[in-house]
Amino acid sequence: RTRCIDIDHMTEPETLLEELKSPLGEYKVAYREGRRYIERIDAVNITDRANEVPIKNSGAYIITGGLGGIGLNIAKLLSAKGNPNLAFINRTAMPQRDKWDTILSQNEDKKLCDKIKAIRDIEEKGASVACFSGDVSKEQQMKEVINRIKETYGHINGVIHAAGIAEGNLVGELTQEEFERVLAPKVEGTWVLDRLTEQEELDFFVMFSSAITLVGGLGGGPYTSANAYMDSFAPYRSIKRGKTLAIDWPAWENTGLAEGEDIDEEREIFKILPVKKGLEAFYAALNSDIKQVVVGELNTEATVFGLGDFLPFKLSDRVKESFKKKGESIQPVSVKKTKEQVSTVKLKGKVNSNYTEIEKKVAKAWKQVLGYEELDVNDNFFEIGGDSILITKLHSLIEQEFPGKVTIADLFSFSTIAKISEYIDASEKTQESNSSAADGDFRKEVFELFEQVEKGELSIDEALNIYDSLEVENG
């Protein structure tokens, strides 16, 4: 288990020691001025806290990643609220405007054509759009771009930082170059944008983070880290420079990173977000005093909730109660057996091809979760398609065959059919051995009670009380 303990300079060593000795109930704990804080996911009604930010027709609004699906939709929203000047900053430069008609007529690049159409649609509503190219993580490039924006529009009203790279790799295979490439736009990019606009009297500084920060994901370490930085930067900047907001988005419906993707909602913590609801949530959050918000409707049927106490976040009592009122609940994953699930699977990996009954039962569970007709008992679950979501299904199936023998943590530690089967076998043998030993110890303790009564060291009542406690301990 991993824990995060955030302390300030006023936290005493004794306090930290007590926290380290406490049961592993909280993943994230913070101490501030002697007070202990824990984190909960709570519902918030931001419509009741509206303090509308005016969208001005002078100055400019910067949108990094403005040509992405979400960025363009946000731009359309702003254009509907006024006649703003929008400055899009993207790594890839847009073609010159005098070439747009030709590009549209040739229709060879659908994504580029869609961007051109979207910009023209925004401008038809009264807004103006200017496209700039540059790497948001490079200070000198951004300095030149922002100077050009200020030369054109005079000043900057607000910043919406929507740029990002959603890549990743398994930690064991992750290179420093891969890690830094993903962090750059969200970490260095955030810092650069803030530094270069610190003299501007911004109405807002908004960062587009991700709901992945709640739970992470296999291969998603760099992207999770990058977004977590944004979440932490929001309250920091709010203190120093004014209105700052980090919005942790789930997957938008066929938009942004989810465009053209067939998303399995069962594996998502939040339900797929319709564009209309996403825009409504953005505008409501923008006009509130919130510094960080996770947008979306919790998906109570998501398999990730099968991780139970292994989840690095917890829901507030209010959220849990709201589910009860709606007749919903978040339960560990349960998988019903079907004819397909109990069908045999071809095994390989042993020289003598002699597989134990435990290995065969475990392999069936793997087959149901991963779909393979043939499995090598030495294959690593996470290297052939498994992840932290699917492992909850696997645990549920193995629990049906071997109740109480394996935890989810064990499946992470023993990630091959051979290793987890050996672990289960050893666990069963240890349990049998402990049972025999426990019976012997119980009898020995009872005889010792009789001897103490005979010697007058215990009364009958005292001996009976001790005997009752021994019975409870030994079942």
Side-chain angles (χ1 to χ4, degrees), residues 53 55-57 59-97 99-101 103-104 107-136 145 149 152-153 156-166 185-186 189 193 204-210 230 245-261 263 272-286 295-296:
V53 176
I55 303 303
K56 303 169 182 175
N57 56 17
Y61 295 90
I62 290 176
I63 306 180
T64 68
L67 291 170
I70 296 177
L72 285 170
N73 276 293
I74 295 297
K76 290 178 183 178
L77 173 69
L78 295 180
S79 67
K81 301 294 181 181
N83 297 315
N85 300 310
L86 305 174
F88 292 169
I89 302 178
N90 289 80
R91 283 177 299 167
T92 304
M94 278 289 285
Q96 296 297 316
R97 283 182 177 258
K99 297 179 180 178
W100 286 10
D101 286 334
I103 293 171
L104 290 173
N107 197 29
E108 294 176 351
D109 188 333
K110 184 180 183 303
K111 286 189 176 181
L112 179 57
C113 289
D114 288 344
K115 290 174 183 177
I116 293 172
K117 291 174 184 177
I119 291 173
R120 288 183 169 178
D121 182 49
I122 291 168
E123 291 181 327
E124 284 177 4
K125 290 180 170 63
S128 72
V129 177
C131 298
F132 301 87
S133 63
D135 185 337
V136 71
V145 169
I149 293 172
T152 304
Y153 300 107
I156 297 167
N157 300 321
V159 173
I160 299 173
H161 185 20
I165 299 174
K186 287 183 177 284
L193 287 169
F204 56 79
F205 188 98
V206 180
M207 296 164 289
F208 283 5
S209 180
S210 169
M230 286 181 155
L245 170 65
I247 303 179
D248 295 42
W249 295 113
W252 284 49
E253 188 175 18
N254 197 34
T255 304
L257 297 175
E259 184 175 357
E261 297 293 325
I263 297 177
I272 305 302
L273 184 67
V275 173
K276 184 175 182 292
K277 287 190 175 182
L279 295 175
E280 290 172 352
F282 167 79
Y283 197 65
L286 181 66
V295 172

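Because the structure is a prediction, the values reported are computed rather than measured.
- When all heavy atoms of V295 and P250 are compared, the closest pair comes out as O-CD, 2.9 Å.
- A perpendicular orientation is assigned to the rings of F282 and F208, their planes being inclined by more than 60° (bins at 30° and 60°).
- Salt-bridge annotation for D109 and K115: absent, with no side-chain N of the basic residue lying under 4.0 Å from a carboxylate O of the acidic one.
- The two residues K186 and H161 have their closest heavy-atom pair at CA-NE2, 4.1 Å.
- Here the side chains of M207 and L193 are not in contact, with every heavy-atom distance at 4.5 Å or above.
- Note that CD of E253 is 8.5 Å distant from CG of L273, once rounded to the nearest 0.5 Å.
- Atoms NZ and CG, from K111 and L67 in turn, are 12.5 Å apart once rounded to the nearest 0.5 Å.
- Minimum heavy-atom separation, V145 to S133: CG2-O, 3.7 Å.
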Could you list the donor-acceptor pairs under 3.5 angstrom formed between side-chain atoms of residues 70-84 and any protein atom two or more places apart in sequence or on another chain?
from: N73; atom 1: ND2; to: G69; atom 2: O; distance (Å): 2.9
from: S79; atom 1: OG; to: A75; atom 2: O; distance (Å): 3.4
from: S79; atom 1: OG; to: K76; atom 2: O; distance (Å): 2.7

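- We find that K276 and E280 are joined by a salt bridge, their nearest charged nitrogen and carboxylate oxygen being less than 4.0 Å apart.
- A distance of 12.5 Å separates CD1 of I119 from CD of E124, quoted to the nearest 0.5 Å.
- Residues D248 and S210 come closest through the heavy atom pair OD2-O, 3.3 Å.
- The minimum heavy-atom distance linking G68 with N90 is given by the pair N-ND2, 4.4 Å.
- Taking each heavy atom of A285 and I247 in turn, the nearest pair found is CB-CD1, 4.4 Å.
- Distance OH/Y61 to CD1/I55: 4.5 Å, rounded to 0.5 Å.
- For T64 (side chain) and A162 (main-chain N/O), a donor-acceptor pair under 3.5 Å exists by modelled atom type.
- Atom CZ of F88 and atom CD1 of I62 lie 12.0 Å apart (nearest 0.5 Å).
- Residue pairs satisfying the salt bridge (charged side-chain N to carboxylate O under 4.0 Å, His left out) criterion with at least one member in residues 125-135, sequence neighbours excluded, are listed as follows: D121-K125.
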Residue pair M94, V129: steps toward the side chain to side chain contact (heavy atoms under 4.5 Å, CB included) verdict
CA-CA 12 Å; M94 278 289 285; V129 177; over 6 Å; no
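- Here the CG atom belonging to N157 is positioned 5.0 Å from the NZ atom belonging to K56, to the nearest 0.5 angstrom.
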Step by step, would you call I103 with C113 a side chain to side chain contact (heavy atoms under 4.5 Å, CB included)?
CA-CA 7 Å; I103 293 171; C113 289; 4.1 Å; yes
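- With sequence neighbours excluded, the residues satisfying side-chain hydrogen bond (donor to acceptor under 3.5 Å, both in side chains) with S128 are N85.
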